[in-house]
Every structure is written in C-alpha cells, then in structure tokens.
**Student:** 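Got a structure for you, written out below as structure tokens; questions coming shortly.
Order of the sequence lines sets the chain letters (A, B, ...), proteins ahead of strands, with each chain counted from 1.
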Amino acid sequence: MATFQTLPGFREFYPEDLARRNHVFRLWRRTAGAFGFAEYDAPVLEPLELYKAKSGDEIENQLFNFTDKGGREVALRPEMTPTVCRLVGARASALKRPIKWFSIAEFYRYERMQKGRGRCFSQFNADIFGEAGPEAEIELIALLVQCLCGFGLTEQDFYVRLSDRNLWFYYLETLGLDEPRIRAVLGAVDRYEKHGDDAFKGYSEQFGPLASDLKGKILAFLQIKSLDALEQVLAASGGEKLAARLTDWRRLLDGLAAMGLASFIQVDLGVVRGLAYYTGFVFEAFDRKGELRALAGGGRYDDLVEKLGGPALPATGFAIGDMTFALLLEQRGLVPNLVQAADIYCVIGGAAERKAAFADIQALRAAGYRVDYPLKEVAFGKQFKAAAESGARIALIYGTDELAKGVVKLRDLTERSERDVPRDQVLAMVRDSISGQTG
RNA sequence: GCGGUCAUAGCUCAGUUGGUUAGAGCACAAGAUUGUGAAUCUUGGGGUCGCGGGUUCGAGUCCCGUUGGCCGCCCCA
C-alpha cells in the first residue's frame with residue numbers, strides 16, 4: 001500500500017497529534033503575549049548565503065539546500081536567528097525599543113535522526129533587540145521558565161544553566177591567551193562534560209599541549225557553580241572588564257531571584273554553547289534527570305545584526321525546540337487529553353425530519369456551536385451511541401412524533417434528562433442549557 | 001558520514017527445525033435493532049509478511065543487497 005513514504009526525518013500530524021502540537025503552541029503564544037512579545041513570521045526558504053555568512057561554509061553539510069530554477073542558491077531555514085536579525089536590522093531605526101519579538105515556526109536540518117531530534121522540528125523563538133544590559137536576559141529567562149511552567153513543569157523537572165562567554169574570554173585573556181587560543185579553549189570547555197580530558201585534543205593538535213597550571217585554572221573555572229565561587233576566583237585576577245561582568249552577573253541573578261525564579265537557575269560555567277557568535281550570557285535548559293538533550297538554549301549575540309548588514313544592535317534570545325519538550329511532557333504525564341468534543345449531536349428520524357433538522361443545524365452552527373449529525377440514515381440506537389461518543393453535551397432529537405407536535409426533544413446527555421422544546425426556541429434553549437452547564 | 005538493532009493488518013503483536021489458502025486482540029464498518037448511552041452477539045473490509053535478488057521441490061522463516069524506523073557516535077546554530 002505504502003508506495004510513497006514520508007521523507008526521512010519528517011513528521012506527519014494526524015488530528016490527535018496536531019491537537020497536541022496546537023495545545024503547546026497556544027500556550028507558548030499566550031505566554032509570550034503576557035510578557036509583551038510581538039509575534040512575527042518570515043519565509044521558510046532563504047538565500048544560502050544568509051547562513052554561510054553567520055556560521056561559515058561548513059554549515060552547508062547540515063542544511064537542506066539546493067539551486068532554484070532561477071539559479072539561486074537557497075536553503076530551508078535551519079534556525080530563526082539570522083532571519084530575525086535581517087528583519088529587525090532593516091527597520092531598526094523605526095522600531096520602538098526595546099524590541100521584543102517571538103515566533104513559532106518549523107525548521108529543517110539535514111541530519112541523522114536521533115531521540116529528540118529530526119530533520120524537521122518546530123521552535124519557539126524569543127529575542128530582545130536594543131537592550132545591552134542584563135535586564136534583557138532577566139526578561140528572556142523569565143519567559144523561558146514560564147513557557148515550561150505553563151504546562152505544569154516545576155523546578156523539580158527542569159533548570160536553566162547560566163554561563164557567560166565574555167567572562168570566559170576576559171578570564172582567558174588575563175591568563176595570557178590570544179584570541180585563536182581562546183576560541184580553541186572554549187571549544188574544549190564546551191565538550192569537556194561529555195569527553196573529559198579528550199576535549200583538549202583539538203587544542204593540543206593546533207597549539208601544542210596546554211601548560212598544566214593553565215589547564216588546572218581552566219578546569220577549576222569551568223567547574224564553578226555559584227556566584228560566590230566566581231567572585232572568589234576573580235578577586236585574584238582583577239581587571240576592569242571582569243569587574244564589570246561581575247556587576248552584570250549580580251544584576252541578572254538578583255533580578256531573577258526577585259521574580260522568584262532562583263530555584264530554576266544554576267550558575268554553571270561549563271556551558272559555553274557551540275558556535276562562536278555568542279558574546280555574553282548564554283543559557284541552556286535541561287531536564288533535572290539529565291536524560292534528554294537540551295530543552296532550550298540561548299544567549300547574547302551583540303555583533304550579529306551588524307555582521308548581517310544591519311546597524312550595530314545589541315541582541316539576545318533563545319529557542320525552545322518542540323521535540324525534546326514533547327518527550328519531557330510525556331515522561332511527566334503532563335500531556336492533557338485533548339478531545340474535540342461536539343456541543344450538540346442531532347438524532348434524526350428520516351428524510352422529512354432531516355430537512356427540519358438541517359434548518360436548525362445551520363442556525364446553531366452560525367451561532368458558533370459545534371454541531372454534528374449522522375450524514376446518512378442510521379438506526380436510532382446507533383445515533384444515541386454516536387451522540388454519547390461525540391462528547392456532545394446535548395442531543396437534539398428530530399423524530400416523527402416531535403415534529404408532529406412542532407417540538408424538538410432536547411436531551412441533556414450528562415444528566416440524562418429530556419424535555420420538549422418548541423421548534424422556534426431551539427437556539428435559545430440550547431444556549432440556556434449549555435451556559436447552565438458551564439456556568 | 002559511521003556503528004548497533006529492528007521491519008508481519010490502521011495499532012499492539014503471534015506465526016514451530018523452511019511445508020497447504022498468514023493469524024489474534026484492539027480499532028473501523030454492517031447487521032441483530034424506525035425511538036434512547038461507551039455492553040453483547042454475528043458478520044465484513046483491510047496484508048505484494050518494507051523492497052529487490054539468491055538458495056530450495058517449497059521462503060514470513062535461511063543468505064546477500066537495499067530502503068526505512070529506533071538507539072548511539074560525529075555534529076548540534
């Protein structure tokens with residue numbers, strides 16, 4: 001039968017699946033609205049250059065890219081950041097500050113399938129442009145936390161690891177490293193959690209072995225898990241830049257604490273996040289059990305808007321992926337049962353009764369009620385069964401006896417009670433009946 | 001790109017050392033049932049056993065290849 005199959009790594013959403021996805025999107029959207037973020041959208045297909053400019057040529061391996069009929073090199077978007085930088089950059093001078101934007105969109109990466117990772121996935125993206133201080137991070141991390149808590153997740157379920165690429169950069173500078181060496185060390189720090197000492201192989205191959213006292217300091221630094229410990233280590237190093245960073249750290253952590261979010265936050269300098277365009281605070285959300293890949297990630301990228309052709313504009317943002325998030329909700333039993341229940345189910349006697357019912361069905365639907373009825377003539381018994389299974393709160397019964405009396409029988413499917421309703425009062429009585437139940 | 005593992009109905013799975021026409025439960029549909037609730041009973045539709053080749057008198061079963069799923073590695077914006 002299945003002559004054609006779905007392309008590898010792609011997903012199909014049958015109604016139950018889409019209901020779940022919509023539920024997630026709806027809550028994310030509402031949460032972003034509560035935080036004062038405005039929604040935008042943009043093309044799925046972009047010039048390949050947009051991604052090369054940001055991440056370098058090697059990124060092409062992981063893109064869905066091709067040449068279009070006009071000879072243009074194009075790619076399905078693998079992420080939203082370059083796109084939103086273009087949008088904001090193009091109108092930066094006309095946009096009210098701070099610029100707080102979000103989107104919910106589908107992305108494509110040409111990669112191997114893995115748990116929590118496919119070739120197409122959706123992300124919630126939120127970004128703030130035009131705010132250089134940690135106030136932007138407070139706002140974004142608070143939004144991130146609420147986007148997860150809105151589903152019933154708590155600090156028992158997930159946490160946000162918080163780090164700082166600038167701090168790392170300045171600290172490594174004070175240790176006497178130049179920029180190429182600093183980048184190599186940050187790469188090693190990024191991998192250290194997973195690969196241990198092997199993480200420094202790349203550095204050794206490029207620059208020779210790392211002096212052991214230097215390596216000791218780096219390993220100690222990446223294991224820092226609190227602001228106090230960080231202040232102690234840096235007290236010895238001094239330096240204006242580092243002191244300024246510490247001030248920002250205090251403002252950020254104080255702000256988050258004041259919002260009551262301290263229990264979600266873990267200072268963790270072991271996080272530096274892969275690619276090099278992050279310029280300040282970076283953060284990643286993980287499940288507490290450590291069983292899943294990152295739930296969300298983000299950070300500051302103050303140079304990117306300018307790099308992509310816009311004005312210099314500070315920016316910071318994050319994204320939540322839908323796949324790992326769905327896995328976590330399932331694990332915690334937080335996926336609600338989303339049945340699309342009818343409001344009203346019509347039980348119809350025969351052909352003549354059907355015509356009478358159609359007039360009412362049309363009026364009820366125009367009034368906004370979800371009304372179902374059997375498309376073909378079906379025995380009464382079956383219709384009542386169908387009415388019950390539809391989840392409808394009331395059934396309207398169009399039988400010969402009722403219509404002869406000029407009434408319709410209104411059956412309350414919850415209370416199992418019935419009464420006759422004059423034909424011309426059906427809409428009003430339905431309204432009473434349903435509002436009475438919900439009220 | 002690499003490695004492991006799996007593939008039988010819409011779903012979950014049986015299917016003997018290779019042996020007739022490949023089964024069950026659930027789901028779906030029809031009837032019992034022209035007037036009242038998720039029940040019951042009966043019946044039905046639905047399969048190129050992922051695909052292709054090979055071994056064999058004979059392959060869902062054994063061998064090779066291939067495609068796809070899952071898990072991991074590389075990578076992860």
Side-chain angles (χ1 to χ4, degrees), chain A residues 1-12 14-16 46 50-56 58-63 75 77-85 107-119 121 123 125 187 190-191 194-195 198 201-202 272-278 282 284 291-294 296-299 301 304 308 317-319 321 323-324 327 339 345-354 374 376-403 409-418:
Chain A
M1 180 210 72
T3 318
F4 296 104
Q5 27 182 278
T6 318
L7 254 16
F10 283 78
R11 300 181 290 174
E12 291 168 311
Y14 283 79
E16 317 84 84
E46 292 275 15
L50 182 62
Y51 304 111
K52 282 191 176 175
K54 179 194 159 200
S55 308
E58 70 283 359
I59 202 74
E60 195 170 329
N61 301 326
Q62 266 133 49
L63 290 174
R77 63 186 173 198
E79 58 167 327
M80 196 55 111
T81 308
T83 300
V84 71
C85 283
F107 299 92
Y108 305 86
R109 294 178 189 178
Y110 200 88
E111 296 185 290
R112 206 73 166 131
M113 291 280 292
Q114 251 176 84
K115 188 173 186 176
R117 190 170 149 190
R119 287 186 171 182
F121 55 92
Q123 277 186 350
N125 272 263
D190 190 35
R191 289 159 199 229
K194 205 164 186 179
H195 299 267
D198 286 350
K201 254 185 190 164
V272 293
R273 285 182 71 71
L275 253 57
Y277 68 84
Y278 284 112
V282 291
E284 291 185 330
E291 293 170 349
L292 304 170
R293 54 178 61 243
Y301 49 96
L304 196 58
L308 293 174
F318 73 89
M323 293 182 76
T324 301
L327 287 172
V339 285
Y345 194 94
C346 294
V347 174
I348 300 169
E353 292 80 11
R354 179 167 292 260
K376 289 183 183 163
E377 279 193 39
V378 177
F380 264 69
K382 281 232 157 115
Q383 293 195 52
F384 280 102
K385 193 171 159 182
E389 285 174 350
S390 77
R393 290 187 256 182
I394 60 182
L396 290 174
I397 301 159
Y398 293 83
T400 318
D401 301 346
E402 286 81 1
L403 291 185
K409 195 163 278 176
L410 188 158
R411 179 175 176 85
D412 186 310
L413 291 166
T414 317
E415 295 172 7
R416 303 196 172 198
S417 62
E418 288 181 348

**Student:** Return yes if the base of B:C76 and the side-chain atoms of A:Arg293 contain a donor-acceptor N/O pair under 3.5 Å, otherwise no.
**Tutor:**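 It does, because a donor-acceptor pair links the side chain of A:Arg293 to the base of B:C76 below 3.5 Å.
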**Student:** Start at the 5' end of RNA chain B and walk down; is the nucleotide closest to A:Leu63 or to A:Gly9 reached first?
**Tutor:**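 Residue closer to the 5' terminus by nearest nucleotide: A:Gly9.
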**Student:** Under 4.0 Å: is that the gap between some side-chain N or O of A:His195 and OP1 or OP2 of B:C73?
**Tutor:**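 For B:C73, OP1/OP2 do not have a side-chain N/O of A:His195 under 4.0 Å.
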**Student:** Using the test side chain to side chain donor-acceptor pair (under 3.5 Å), find all partners of A:Tyr345 that sit at least two apart in sequence or belong to another chain.
**Tutor:**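 With sequence neighbours excluded, A:Tyr345 shows a side chain to side chain donor-acceptor pair (under 3.5 Å) to no residue whatsoever.
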**Student:** What is the distance, rounded to the nearest whole Å, between atom CZ of A:Arg119 and atom P of B:C75?
**Tutor:**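 After rounding, the reported distance stands at 18 Å.
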**Student:** Using the P atom as the reference point in each nucleotide, state the distance between B:C73 and B:U17 in Å, no decimals.
**Tutor:**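 Straight-line distance between the two P atoms is 37 Å.
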**Student:** Would the base of B:C75 count as contacting A:Arg117 through its side chain, where contact means a donor and an acceptor less than 3.5 Å apart?
**Tutor:**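 It does, because a donor-acceptor pair links the side chain of A:Arg117 to the base of B:C75 below 3.5 Å.
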**Student:** Calculate, to the nearest 0.5 Å, the distance between atoms NZ and CG belonging to A:Lys409 and A:Leu403 respectively.
**Tutor:**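 Nearest 0.5 Å value for the NZ-CG distance: 11.5 Å.
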**Student:** To the nearest Å, give me how far apart NZ (A:Lys194) and P (B:C76) are.
**Tutor:**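 Nearest whole value for this atom pair: 10 Å.
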**Student:** B:G60 and B:G53: how far apart are their P atoms, nearest whole angstrom?
**Tutor:**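 The answer is 14 Å between these two P atoms.
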**Student:** A:Phe107 has an atom CZ; how far is it from atom P of B:C76, in whole Å?
**Tutor:**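 Distance check: A:Phe107 CZ to B:C76 P gives 18 Å.
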**Student:** Say we look at B:G44 and B:A38: how far apart would their P atoms be, to the nearest angstrom?
**Tutor:**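 Here B:G44 and B:A38 have their P atoms 25 Å from each other.
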**Student:** If you find the nucleotide of RNA chain B closest to A:Lys115 and the one closest to A:Thr6, which residue's nucleotide is nearer the 5' end?
**Tutor:**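 Closest to the 5' end, via its nearest nucleotide, is A:Thr6.
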**Student:** Applying ring-ring contact (aromatic ring centres under 6.0 Å, His included), can you list everything that pairs with A:Tyr110, at least two apart in sequence or on another chain?
**Tutor:**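 Testing A:Tyr110 for ring-ring contact (aromatic ring centres under 6.0 Å, His included), a comparison that skips the adjacent residues, returns A:Phe64.
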**Student:** Please name the pair of heavy atoms, one in A:Gly350 and one in A:Glu353, separated by the smallest distance, quoted to 0.1 Å.
**Tutor:**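 Taking every non-hydrogen atom into account, N-OE1, 2.7 Å.
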**Student:** Give each stem of RNA chain B as a range with a range, requiring at least 3 consecutive Watson-Crick or G-U wobble pairs whose two distances are under 3.5 Å.
**Tutor:**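 Only these stems qualify: B:1-7 with B:67-73, B:10-13 with B:23-26, B:28-32 with B:40-44, B:50-54 with B:62-66.
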**Student:** What are the two closest heavy atoms between A:Asn125 and A:Ala319, and how far apart are they?
**Tutor:**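 Residues A:Asn125 and A:Ala319, closest heavy atoms: OD1-CB, 3.6 Å.
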**Student:** Please state the P separation for the pair B:C70 and B:U33 - nearest whole angstrom.
**Tutor:**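 After rounding to an integer number of Å, I get 49 Å for this pair.
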**Student:** Say we look at B:C28 and B:U12: how far apart would their C1' atoms be, to the nearest angstrom?
**Tutor:**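 Between the two C1' atoms, the distance is 16 Å.
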**Student:** Could you pull out all residues at least two apart from A:Tyr398 that satisfy side chain to side chain donor-acceptor pair (under 3.5 Å)?
**Tutor:**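 Listed in chain order: A:Asp360.
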**Student:** Contact class for A:Pro78 vs. all strands (heavy atom < 4.0 Å): base, sugar-phosphate, or nothing?
**Tutor:**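 It contacts base atoms.
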**Student:** Assess whether one donor atom and one acceptor atom, taken from the side chain of A:Arg273 and the base of B:A77, lie less than 3.5 Å apart.
**Tutor:**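 Counting by modelled atom types and ignoring angles, no donor-acceptor contact under 3.5 Å is found here.
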**Student:** Report which part of the nucleic acid A:Gly299 touches: base, sugar-phosphate, or nothing (heavy-atom distance under 4.0 Å, all strands).
**Tutor:**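 Nothing, no nucleic acid heavy atom in range.
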**Student:** Rounding to the closest angstrom, what is the interatomic distance between B:G65 and B:U61 at atom P?
**Tutor:**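 Those two atoms are separated by 16 Å.
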**Student:** Quick one: side chain to side chain donor-acceptor pair (under 3.5 Å) partners of A:Arg119, sequence neighbours excluded?
**Tutor:**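 By the side chain to side chain donor-acceptor pair (under 3.5 Å) rule, A:Arg119 matches no residue at all.
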**Student:** Whole angstroms only, please: what is the CG-C1' distance between A:Asn61 and B:C74?
**Tutor:**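 Going from CG in A:Asn61 over to C1' in B:C74 covers 11 Å.
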**Student:** List the protein contact pattern of nucleotides 31-38 of chain B with one symbol per nucleotide (5' to 3'): B for base contact, S for sugar-phosphate-only contact, - for none; contact means a heavy-atom distance under 4.0 Å.
**Tutor:** B-S-BBB-
**Student:** Could you measure between the two P atoms, the one in B:G15 and the one in B:A27, and give it in whole Å?
**Tutor:**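 Per the computed distance, 24 Å lies between those P atoms.
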**Student:** Using the P atom on both, measure B:C26 against B:U42 and round to a whole Å.
**Tutor:**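 It comes out at 11 Å once rounded to the nearest Å.
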